[in-house]
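Since this is a predicted model, take the numbers as computed values, not measurements. First the proteins, then the strands, lettered A, B, ... as listed; each starts at 1.
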Amino acid sequence: MAETQQASQTLPTIEIYNTLSHKKESFQTVSPGKVGMYLCGPTVYKPSHIGHMVGPVIFDTVKRYLVYSGWHVTWVVNITDVDDKLIAESAARGMSMADLAREMTTDYLDNLAALGVDGIDEMPKATDHIDGIIAFIQGLVDKGFAYAADGDVYFDVTKDDDYGKLTNRTVEQTQGEGGSTADRKRSPADFALWKQAKPGEPSWESPWGPGRPGWHIECSAMSGALLGKHFDIHGGGLDLVFPHHENEIAQSESLHGCPMATYWMHNGLMQAAGAAGKVGGRPRDGGADPADQAATKISKSTGAEPFKELLSRHRPEAIKLLLLSTHYRSPIHFGEEPLGESARALEAFERLFARYERLGGPSFYGLPTRDRQAGTAALADLAADVSEEVSALRTRFLEAMDDDFNTAIAVASLFDFVRLTNKFIDSHGLEKAPQPADRQALDAIMLVLRELTGTLGLFLAPPVATGGSADEALVGSLMDLVIELRARARKAKDFATADLIRDSLGEAGIQLEDRPDGTGWSKK
RNA sequence: GGCGCCGUAGCCAAGUGGCUAAGGCAGCGGAUUGCAAAUCCGCCAUCGUCGGUUCGACUCCGACCGGCGCCUCCA
């Protein structure tokens, strides 16, 4: 990746909403010019669904924008490959935990690749960090923050003065994981750092006997190992705020005696409209109402479909656009309808890209991406009136991103950008009598559009061509013939024949477009 | 019961104490076109309800109604 490195004094001021302080704060890094960012990744026990992709897409954009703005960013996403759910699932499927983890990790990586999430620098696996995890726990025990009980080790929340600070709750207000281990704990809110292995379960040797890490501890250990005791951004879904992130803070800050992360960023959760039933949460008094049809979060309990199945019906770009059209902290209404709308909206961009190529421009996808300098230079080449408009939209885009990564406004400015560009092409007659100066101006405009879309991670690669096969080539030459025959009919004013051809093709799913420079066709 | 979030046009979704309340999808009218498609132009919301603060609130405060998340596994 060509990262634009700039002197730190030119870094823009970015505001980030911090869950810890419940407000936006100006972004200040621990080390000048450098950003350490950690995102809680998946527990790899089943195929990932759309919910697992929200964080990666959002934080991919965050990283892109920070890099674009001049920071050097290290982004870590963990893979939790040891956990009760993995043990249960692998047993059910009659395979080893490691094999299950490998299979599901591959699935996860495939999905990230499909979405163009390519900025992750490290993906540590919990099982590769068992020694570090044990040392971490031992440190907590030595400092008196944790205690061993029957082969388990628990974190003692009463020893941590500010336990609950992330979610504004007291030790008394948390009920803790109950169940069979409850009687080993000193307080109900204490949580497991190390779990004793039952016979037949995967285990590692430890000072407390064979066992495995509890949930939470792997993130504390691995983020510390890879990003340091105090790093800049810790992210995850809103559902992880409690208990996961609260407990990470408790572990890391108790051991290290310094803040774990400066900024805690949480993305909103996917909502499935019309999904029935309550997901998780304690039943409230008044109780289960059968007419419970409102939007609910997508999660394992609602049986969200595997992401790969979703990809068989929807293009990754449409999914990305939908995610970025909503502010990252808001819930996202997800479903076939919104995805379809998103895909239709996407076409406005792609038609412009195609139009640009027809006018002799290069492929939009090949233009330099997220290059601030190139964008600024392109702007300087434009005539004053156009430059002003383009510049205003670019500024709107950048200011939106500076303000807590407001991709919804950024995307909106992109749609305005498309309109501006089409208008430029129309008003300067570029399809009829192109002037060299106007063509150059169009190049500059497209360069700025590329700069901005690249910053969001949109339009990284051309839509996957369905063709390439011999059949496709055949269809292509047949279409050339049909279009030629129709052109002759039109020239002879035989519009009945021309329209018959167009209507018949339409019924066959092919859309014709008569343009000043010829007739184009596309599949509907 | 505790902690927190939300309620903006037909649908989705930004945003703001006073200036035209972004953008998308859908719809309507127009330009363009042989007719379409695409493109462009225009139209389409007073911001859940009721009170309060204020010269002025959709934006701040309160109550109420409705919805959602977390408090147990969850991206």
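- Near-neighbour residues of RNA chain B inside residues 419-434 of chain A, defined by a heavy atom below 4.0 Å, number-ordered: A/Arg419, A/Asn422, A/Lys423, A/Asp426.
- Side-chain atoms of A/Asp84 stay outside donor-acceptor range of the base of B/rC73, with no qualifying N/O pair under 3.5 Å.
- Using a 3.5 Å distance cut-off with no hydrogens or angles, the side chains of A/Asp402 and A/Thr13 do not pair a donor with an acceptor.
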Protein proximity profile, nucleotides 42-48 of chain B - base contact B, sugar-phosphate-only contact S, no contact -, cut-off 4.0 Å on heavy atoms:
-------
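- For A/Arg313, the salt bridge (charged side-chain N to carboxylate O under 4.0 Å, His left out) test picks out A/Glu305, A/Glu336, with sequence neighbours left out.
- Within 6.0 Å of CD on A/Glu431 lie more than 12 heavy atoms contributed by other residues, nucleotides or ligands.
- For B/rG34, the base has a donor-acceptor partner in the side chain of A/Asp499 [N/O atoms by modelled type, under 3.5 angstrom].
- With A/Phe495 as the aromatic partner, A/Arg490 does not meet the cation-pi criteria of under 6.0 angstrom to the ring centre and within 45 degrees of the ring axis.
- Nearest nucleotide to the A/Leu240 side chain, out of B/rA75, B/rG15, B/rC71: B/rA75.
- With hydrogens and angles ignored, no donor-acceptor pair under 3.5 angstrom links the side chain of A/Arg329 to the base of B/rC5.
- Once the 5.5 Å centre distance and the 30° plane angle are applied, the aromatic ring of A/Phe415 is found not to be stacked with the base of B/rG23.
- A donor-acceptor pair shorter than 3.5 Å cannot be found between the side chains of A/Thr105 and A/Asp107.
- B/rA57 and B/rA21 have their C1' atoms separated by 13 Å, given to the nearest Å.
- Base pairing analysis places B/rC60 opposite B/rG52; the two distances defining the Watson-Crick or G-U wobble pair are each below 3.5 Å.
- Side chains of A/Glu25 and A/Ser21: a donor-acceptor N/O pair is present below 3.5 angstrom, by distance only.
- A heavy atom lying under 4.0 Å from RNA chain B marks none of the residues of residues 103-110 of chain A.
- A donor and an acceptor atom, one from each side chain of A/Gln511 and A/Ser522, are nowhere located under 3.5 Å apart.
- Side-chain atoms of A/Thr326 lie closest to B/rA13 of the nucleotides B/rC35, B/rA13, B/rG15.
- Across all strands shown, B/rG66 pairs with B/rC6; the Watson-Crick or G-U wobble distances both stay below 3.5 Å.
- Candidate nucleotides B/rU39, B/rA75, B/rC71 were compared by shortest atom distance to the side chain of A/Arg355, and B/rU39 ranks first.
- In this structure, A/Arg344 reaches the sugar-phosphate backbone alone: every heavy-atom distance under 4.0 Å involves primed, P, OP1 or OP2 atoms, never a base.
- A donor-acceptor pair shorter than 3.5 Å can be found between the side chains of A/His266 and A/His245.
- Here A/Asn422 pairs with A/Leu352, A/Arg355, A/Val418 under the side-chain contact (heavy atoms from CB on, under 4.5 Å) rule; sequence neighbours left out.
- With sequence neighbours left out, the side-chain hydrogen bond (donor to acceptor under 3.5 Å, both in side chains) criterion links A/Thr127 to A/Asp81.
- Distance from the side chain of A/His333 is smallest for B/rA13 among the nucleotides B/rC71, B/rA75, B/rA13.
- In this structure, a donor-acceptor pair under 3.5 Å is absent between the side chains of A/Tyr328 and A/Asn406.
- Under the Watson-Crick and G-U wobble criteria, each requiring two contacts below 3.5 Å, nucleotide B/rU39 is paired to B/rA31.
- A cation-pi contact links A/Arg169 to A/Phe242, judged by a cut-off of 6.0 Å to the six-membered ring centre and 45° from its axis.
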